[in-house]
Amino acid sequence: MFQSFLIKYAEIGIKGKNRYLFEDALLSHIHHALKRLDGQFTVTKESGRIYAHAGAPFDYDEVTEALTCVFGVAAVCPLKRVEDLGFEALKKQVVEYIEETYPDKSFTFKVNTRRVNKQYPGSSEQINRDLGEVILETFPQTKVDVHQPDVLLNVEIRPKGVNLYSRVIPGPGGMPVGTNGRAMLLLSGGIDSPVAGYMIAKRGVTIEAVYFHAPPYTSERAKQKVVDLAREVSRYSGPIKLHVVNFTDIQLAIYDKCPHEELTIIMRRYMMRIAEELAVKDNCQGLITGESIGQVASQTVHSLAVTNEVCALPVFRPVIGFDKQDIVDIALKIGTYETSIEPYEDCCTIFVAKHPVTKPVLEKIRKSERNLEEQIDGMLKEAVETAEVVWC
């Protein structure tokens with residue numbers, strides 16, 4: 001029955017030129033999401049509405065899932081578009097819609113009419129009453145409930161026809177990716193960083209990612225796990241350029257020449273340096289991490305302050321105030337949780353100190369890093385230059 005979908009988006013705060021940029025970006029992402037599916041789809045914009053129309057058979061569930069992964073989409077409404085043939089014809093079209101859509105007619109309903117075509121005769125309230133009367137007469141099992149109806153039948157009378165829809169499938173909201181700059185995500189195999197990437201992409205930011213690999217201490221399966229996570233996030237964010245950095249030599253040097261209680265914080269500082277260099281090369285305006293205050297030793301307020309000191313770019317930490325369960329809930333919702341809990345260790349867990357410092361002092365950390373001065377610059381340069389790129 002449904003060959004078209006109405007895609008709703010939030011218009012709050014979007015005005016003038018920005019609104020057109022928002023709509024055009026959203027149109028492009030919807031087109032990209034549908035392009036990967038079986039079927040032939042056209043995506044059009046019309047007076048504050050975006051429509052996706054199927055010109056060939058398609059999988060309904062597959063299409064709705066794809067559309068509800070596009071940032072900027074507030075809701076997806078399976079739609080029946082009918083020609084405006086007058087009010088008597090509209091009554092018959094509404095009856096046909098109810099007949100086809102609801103096999104069980106034992107429901108309460110409300111009619112909500114919107115007259116975009118102001119030349120259409122009658123007021124919205126009168127049309128609501130008249131259509132409601134027709135439904136009650138045709139389907140005696142139904143009842144009217146204007147407060148909490150089981151079915152809210154929306155009737156949009158527009159210049160090019162009439163839209164009928166009653167199902168509203170929530171979308172992810174946010175803003176279309178690409179409307180708010182670029183940022184580099186430090187992506188590990190854990191639960192937090194994929195969620196952080198998702199949350200920043202939801203605000204319209206194009207994301208790239210960097211993963212620190214430490215062979216032979218971390219396996220190829222650990223690397224594949226991160227690639228899989230990037231691909232899962234890319235269902236929402238669009239294609240992700242993943243930089244895989246060989247971090248083994250740098251970690252071994254830190255392990256050999258720095259105090260072990262400072263290993264985690266010093267490794268983190270060098271990760272941030274490399275991530276920032278890759279970010280600057282690709283014109284990113286910020287870094288993204290999945291850090292949450294107090295979750296581990298490297299994420300105390302003192303540790304975060306010492307880590308930040310090496311960065312000139314802003315560091316976005318969208319889950320900074322979340323409890324672990326808050327982050328897990330989002331990971332479950334976006335489909336990254338099961339991959340994140342696979343038992344493949346990343347480079348951080350392999351080199352973790354038994355008693356890591358939780359209140360690092362910047363001057364002491366800088367002093368420890370001076371033990372690396374003779375070799376670290378060359379290692380950093382090689383790590384950046386030899387980074388593998390995987391498109392996810």
Side-chain angles (χ1 to χ4, degrees), residues 36 62 65-66 68-69 172 183-202 207-248 250-252 255 263-264 267-268 271-272 274-275 278 287-292 294-299 316-320 322-354 356 383 387-392:
R36 295 174 290 182
E62 190 178 57
E65 181 182 0
T68 53
C69 285
M184 181 70 70
L185 168 67
L186 280 78
L187 182 62
S188 73
I191 298 171
D192 306 336
S193 57
V195 170
Y198 165 88
M199 292 178 69
I200 293 296
K202 185 176 179 179
I207 62 171
E208 295 188 17
V210 55
Y211 164 61
F212 294 92
H213 192 40
Y217 302 98
T218 52
S219 67
E220 283 300 306
R221 190 60 191 86
K223 171 184 167 183
Q224 185 59 46
K225 174 184 175 181
V226 174
V227 172
D228 292 343
L229 285 170
R231 286 182 177 147
E232 286 161 5
V233 174
S234 75
R235 291 172 53 233
Y236 300 90
S237 69
I240 294 176
K241 183 181 181 181
L242 174 64
H243 306 262
V244 180
V245 173
N246 190 322
F247 202 58
T248 306
I250 295 173
Q251 283 194 294
L252 290 174
Y255 190 85
L263 289 178
T264 304
M267 287 178 189
R268 191 68 178 170
M271 288 179 178
M272 299 293 275
I274 292 170
L278 291 169
L287 304 179
I288 309 165
T289 76
E291 292 162 315
S292 172
Q295 194 168 125
V296 294
S298 64
Q299 296 178 22
F316 306 127
R317 297 181 170 97
V319 300
I320 191 72
F322 283 22
D323 291 335
K324 191 66 177 185
Q325 190 58 50
D326 297 331
I327 302 170
V328 168
D329 289 344
I330 298 175
L332 287 167
K333 183 182 78 170
I334 66 176
T336 58
Y337 179 76
E338 292 301 327
T339 302
S340 291
I341 62 173
E342 290 177 0
Y344 302 104
E345 303 288 3
D346 63 24
C347 61
C348 294
T349 55
I350 296 296
F351 288 90
V352 68
K354 289 184 179 180
E388 176 189 1
V389 172
V390 180
W391 280 97
C392 303

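Numbers here are sequence positions counted from 1.
We find the CG-OH distance between D228 and Y344 to be 10.0 Å, quoted to the nearest 0.5 Å. With rounding to the nearest 0.5 angstrom, the CD1 atom of I207 is 14.0 Å from the NZ atom of K202. Interatomic distance, CZ of F316 versus CG of L185, reported as 12.0 Å (0.5 Å rounding). Expressed to the nearest 0.5 Å, how far OG of S234 lies from NZ of K241 amounts to 15.5 Å. Taking CG of L187 as the start and CZ of F212 as the end, the distance is 10.5 Å to the nearest 0.5 Å.
In terms of heavy-atom proximity, V389 sits nearest to W391 at CG1-NE1, 4.0 Å. Between Y211 and H213 the shortest heavy-atom distance is OH-ND1, 3.4 Å. Here the closest non-hydrogen pair linking R231 and C392 is CG-CB, 3.5 Å. Here the closest non-hydrogen pair linking E232 and T336 is OE1-CA, 3.4 Å. Pairing each heavy atom of I288 with each of P318, the nearest pair is CG2-CD, 4.2 Å. Across all their heavy atoms, P194 and I334 have their closest contact at O-CD1, 4.4 Å.
Counting heavy atoms from C-beta on, the side chains of E65 and R235 come closer than 4.5 Å. The side-chain heavy atoms of V319 and I330, taken from C-beta on, include no pair separated by under 4.5 Å. Using a 4.5 Å cut-off on side-chain heavy atoms (C-beta onward), L186 and S193 make no contact. M184 has its side chain within reach of L278: a pair of non-hydrogen atoms, C-beta onward, lies under 4.5 Å apart. In this structure, the side chains of L263 and Q251 stay at 4.5 Å or more apart for every pair of heavy atoms. Proximity of P215 to N246: side-chain heavy atoms (C-beta onward) are separated by under 4.5 Å at one or more points. Counting heavy atoms from C-beta on, the side chains of V233 and I240 come closer than 4.5 Å. Counting only heavy atoms from C-beta outward, the side chains of V227 and L242 approach each other to under 4.5 Å.
Donor-acceptor pairing under 3.5 Å is lacking for the side chains of E388 and H243. With 3.5 Å as the limit, one finds no donor-acceptor pair spanning the side chains of S292 and Q299.
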What's the verdict on side-chain contact (heavy atoms from CB on, under 4.5 Å) for K333 and Y198, showing C-alpha distance, side-chain angles and the deciding distance? CA-CA 11 Å; K333 183 182 78 170; Y198 165 88; 3.7 Å; yes

task = For R268 and E291, run side-chain contact (heavy atoms from CB on, under 4.5 Å): C-alpha distance rounded to whole Å, both residues' side-chain angles, the deciding distance at 0.1 Å, then the answer.
result = CA-CA 11 Å; R268 191 68 178 170; E291 292 162 315; 3.3 Å; yes

Run the numbers on V328 and I191 for side-chain contact (heavy atoms from CB on, under 4.5 Å), then give the verdict.
-> CA-CA 7 Å; V328 168; I191 298 171; 4.2 Å; yes

Notebook entry, point to check: Should Y217 and L252 be marked as a side-chain contact (heavy atoms from CB on, under 4.5 Å) after you check the CA-CA gap, both sets of side-chain angles, and the distance that decides it?
Noted result: CA-CA 11 Å; Y217 302 98; L252 290 174; 3.7 Å; yes

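E220 has no carboxylate O lying under 4.0 Å from a charged side-chain N of K225, or vice versa, which leaves the two without a salt bridge. For E62 and R36, the salt-bridge test fails: no basic side-chain N is under 4.0 Å from an acidic carboxylate O.
One N or O on the side chain of S340 and one on the backbone of G190 form a donor-acceptor pair closer than 3.5 Å. Between the side chain of D326 and the backbone N or O of D323, at least one donor-acceptor pair lies under 3.5 Å.
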